[in-house]
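Not measured: the values here are computed from a predicted model.
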Amino acid sequence: MRFTSLVIELIRARPRLIVWIAVLLQAAMWLFVALVFYRSPPGTLATLLAFGREYQVGTDLGPPLPVWLADIAYRAAGGHMFGVYVLAELCEIATFIALYHLSRAVVGSQQAVLAVLLTMTVLAFSSSALDFGPLVLARPLWALLLLHSWQIIGQRRGNAWFAWSIEAGLLLLTTPAAIFLLLLFVVFALSTAGGRRTLRALDPLFALIVVAVLALPYAVWLMRAQTLVLPTLPEVAELNARALHAAWLLGGLVLGSAAIPALTFLNTGLFVAKGEEAPIIYRPPVEPLARNFVFFFALAPALGAVLISGLLGLDSVVGGAGVVLVLSGLAVVVAAGDLIAMRRARMLRMVWAAAVVAPAAGVVLAVLFLPWTGANEIATSMPARAISDFFDESFARRTNHRLRAVAGETQLASLITLHSGRPHLFIDANPARTPWMDQTKFSETGGVVVWRASDTAGTPPPDILKRFPGIVPEVPRAFEWLVTGRQQLLRVGWAIVRPKGT
């Protein structure tokens with residue numbers, strides 16, 4: 001006992017405790033980063049919240065569930081981004097806990113811990129932790145779907161069909177890639193004897209009805225919006241370029257999983273002194289159906305997503321890297337054998353911790369030091385609260401009305417919509433994206449038009465001036481970044497469109 005690492009003994013004796021500690025510490029780390037170093041939402045989260053306050057059945061952002069949940073979390077937190085960040089981390093926690101239960105059913109509790117820890121290194125590099133949206137919400141739904149799929153096919157538990165149907169329906173309301181992911185389940189079920197036996201029962205029919213009921217409103221919206229457009233395959237001359245693009249996407253997935261081969265290499269006998277006896281993490285033998293299940297859902301989603309994304313010329317992998325790589329850690333553990341020797345445990349802990357902490361540390365270093373290089377601005381360093389407060393109060397003082405709509409540059413306008421008054425977002429460059437607001441209604445209710453000021457007079461860009469020919473620009477307002485460094489102040493040009501009748 002005294003020669004064995006305490007962590008190894010905890011993995012053997014209290015595997016669930018190790019999983020919870022690791023997952024909660026990672027979530028706390030990202031929440032700390034968000035609260036201390038984020039002054040505005042990451043990515044397109046502000047736009048997602050602006051769409052969410054409208055509660056549309058469907059938008060060009062995709063299915064409605066992530067948009068609705070983001071707005072609910074934002075309102076529940078009293079109009080603070082902390083609620084959305086907590087929601088994102090709850091999705092992360094649910095993903096790993098579902099993965100642990102699936103891994104425990106396949107390889108036992110002790111090696112299930114290793115599967116979760118390896119997967120944490122993959123998701124840390126390959127997917128965003130705080131930018132809540134379809135890619136974040138789809139991860140726990142897909143992990144739960146895999147868990148209940150194994151219970152249905154491998155453990156022949158018919159009572160899991162109800163949970164499976166709910167998760168499948170919610171996945172269809174989360175990401176357009178749900179159809180591709182659900183087809184993989186059908187392919188695996190049809191290709192195995194146990195799966196075919198499961199599909200002969202009446203339970204799949206009832207599950208299909210539940211899925212159809214959940215997805216029906218969004219399907220009706222898709223048909224009415226005429227957005228069901230079949231993708232066009234590339235021309236023969238474009239195949240080489242698309243194949244190269246698919247290779248780059250595959251390389252990105254491999255790079256995001258680089259910590260797994262690094263840890264595997266460090267755990268080989270090359271770094272162990274002769275005669276040293278390493279502690280063993282054991283498992284019961286894995287049955288062939290479970291092995292096929294893990295390998296299929298570890299490889300097929302990633303390869304299929306890369307193929308589809310390459311053929312369609314998409315910028316990212318269909319479904320997101322965090323979804324298609326969720327079983328990568330479990331696949332490595334299954335392939336490692338019934339006995340896994342933990343050599344150089346201290347070095348393995350250090351490398352694993354560095355892999356998990358590195359993305360958060362990179363965010364902090366970028367926020368603190370990148371502005372001093374004069375490089376590109378950090379979007380999360382924008383003072384979102386100061387921007388929204390200024391324009392809301394300025395509009396109220398000038399018109400004696402509450403700010404109801406914001407137009408202009410989408411990124412800046414989305415930040416203003418985060419104010420407690422929650423004005424509507426109007427994307428005037430593409431009004432079809434915001435069907436709740438058009439040019440006529442914007443002129444009636446009034447609002448603020450914002451843009452990045454390129455001079456001290458705050459001259460509007462030509463495209464904005466063309467869409468709003470009557471606006472009178474105000475003196476630009478300057479805002480400080482979280483860390484200004486060598487950057488110029490954030491200068492926002494703006495103009496007020498007064499409500500009709502004032």
Close side-chain approach of [X] and [Y], heavy atoms under 4.5 Å:
X: Pro301; Y: Leu325; answer: no
X: His148; Y: Glu167; answer: yes
X: Leu490; Y: Trp481; answer: yes
X: Trp352; Y: Met120; answer: yes
X: Leu330; Y: Thr119; answer: no
X: Thr59; Y: Pro64; answer: no
X: Leu182; Y: Leu172; answer: yes
X: Ser328; Y: Ile260; answer: yes

With a 4.0 Å cut-off on N to O distance, would you call Glu444 and Arg404 a salt bridge?
no
Mark yes or no for whether [X], through its side chain, and [Y], through its backbone, hold a donor-acceptor pair below 3.5 Å.
X: Asp203; Y: Trp161; value: no
X: Ser40; Y: Ala379; value: yes
X: Ser128; Y: Asp131; value: yes
X: Arg491; Y: Ala478; value: no
X: Thr174; Y: Ala138; value: no
X: Ser257; Y: Leu253; value: yes

Go through the steps for Val449 and Phe442 under the test side chain to side chain contact (heavy atoms under 4.5 Å, CB included), then give the verdict.
CA-CA 10 Å; Val449 184; Phe442 184 82; 4.1 Å; yes
For the rings on [X] and [Y], is their centre-to-centre separation under 6.0 Å?
X: Phe185; Y: Phe297; value: no
X: Trp436; Y: Phe51; value: yes
X: Trp494; Y: Phe390; value: yes

Would you say that more than 12 heavy atoms from the other residues, nucleotides or ligands in this model lie under 6.0 Å from the [atom1] of [X], or not?
X: Asn400; atom1: CG; answer: no
X: Glu480; atom1: CD; answer: no
X: Ile179; atom1: CD1; answer: no

Using a distance-only test with no angle check, is there a side-chain donor-acceptor pair under 3.5 angstrom linking Trp164 and Ser149?
yes
Do Arg53 and His424 have a side chain donor and acceptor closer than 3.5 Å?
yes
Which heavy atom in [X] sits nearest to a heavy atom in [Y], and how many Å separate them?
X: Leu61; Y: Thr47; value: CD1-O, 4.5 Å
X: Thr417; Y: Ala46; value: OG1-O, 4.5 Å
X: Gly447; Y: Leu403; value: CA-CD1, 3.9 Å
X: Leu368; Y: Val483; value: O-CG1, 3.8 Å
X: Ala413; Y: Leu425; value: CB-CD1, 3.6 Å
X: Val448; Y: Phe395; value: CG2-CD1, 3.9 Å

Check against side chain to side chain contact (heavy atoms under 4.5 Å, CB included), Ile308 and Phe180
CA-CA 10 Å; Ile308 294 173; Phe180 159 67; 3.7 Å; yes
Criterion side chain to side chain contact (heavy atoms under 4.5 Å, CB included) on Phe37 and Val363, from CA distance to verdict
CA-CA 9 Å; Phe37 298 99; Val363 170; 5.5 Å; no
What residues, two or more places apart in sequence or in another chain, satisfy side-chain contact (heavy atoms from CB on, under 4.5 Å) together with Ser388?
Arg385, His419
Between Phe206 and Ser165, is the side chain to side chain contact (heavy atoms under 4.5 Å, CB included) condition met? List the steps.
CA-CA 8 Å; Phe206 295 130; Ser165 62; over 6 Å; no
For residues 67-82, dump all side-chain donor-acceptor pairs below 3.5 Å to protein atoms at least two apart in sequence or in another chain.
| residue | atom | partner | partner atom | Å |
| --- | --- | --- | --- | --- |
| Trp68 | NE1 | Gln56 | O | 3.1 |
| Asp71 | OD1 | Arg422 | NH1 | 3.2 |
| Asp71 | OD1 | Arg422 | NH2 | 3.0 |
| Asp71 | OD2 | Tyr55 | OH | 2.7 |
| Asp71 | OD2 | Arg75 | NE | 2.6 |
| Tyr74 | OH | Gly79 | O | 3.1 |
| Tyr74 | OH | Leu418 | O | 2.5 |
| His80 | ND1 | Phe82 | N | 2.9 |

Distance, nearest 0.5 Å, that separates [atom1] of [X] from [atom2] of [Y]:
X: Asp392; Y: Arg402; atom1: CG; atom2: CZ; answer: 8.5 Å
X: Leu170; Y: Leu144; atom1: CG; atom2: CG; answer: 10.0 Å
X: Trp142; Y: Leu327; atom1: CH2; atom2: CG; answer: 8.0 Å
X: Trp150; Y: Leu145; atom1: CH2; atom2: CG; answer: 15.0 Å
X: Lys441; Y: Ser443; atom1: NZ; atom2: OG; answer: 12.5 Å
X: Leu146; Y: Leu141; atom1: CG; atom2: CG; answer: 11.0 Å

The test is salt bridge (Lys or Arg N to Asp or Glu O under 4.0 Å); show your working for Glu474 and Arg398 and say whether it passes.
CA-CA 12 Å; Glu474 305 284 346; Arg398 299 289 185 89; 2.9 Å; yes
Please, which pairs that meet side chain to side chain donor-acceptor pair (under 3.5 Å) have at least one residue in residues 83-100, sequence neighbours excluded?
Glu92-Arg139
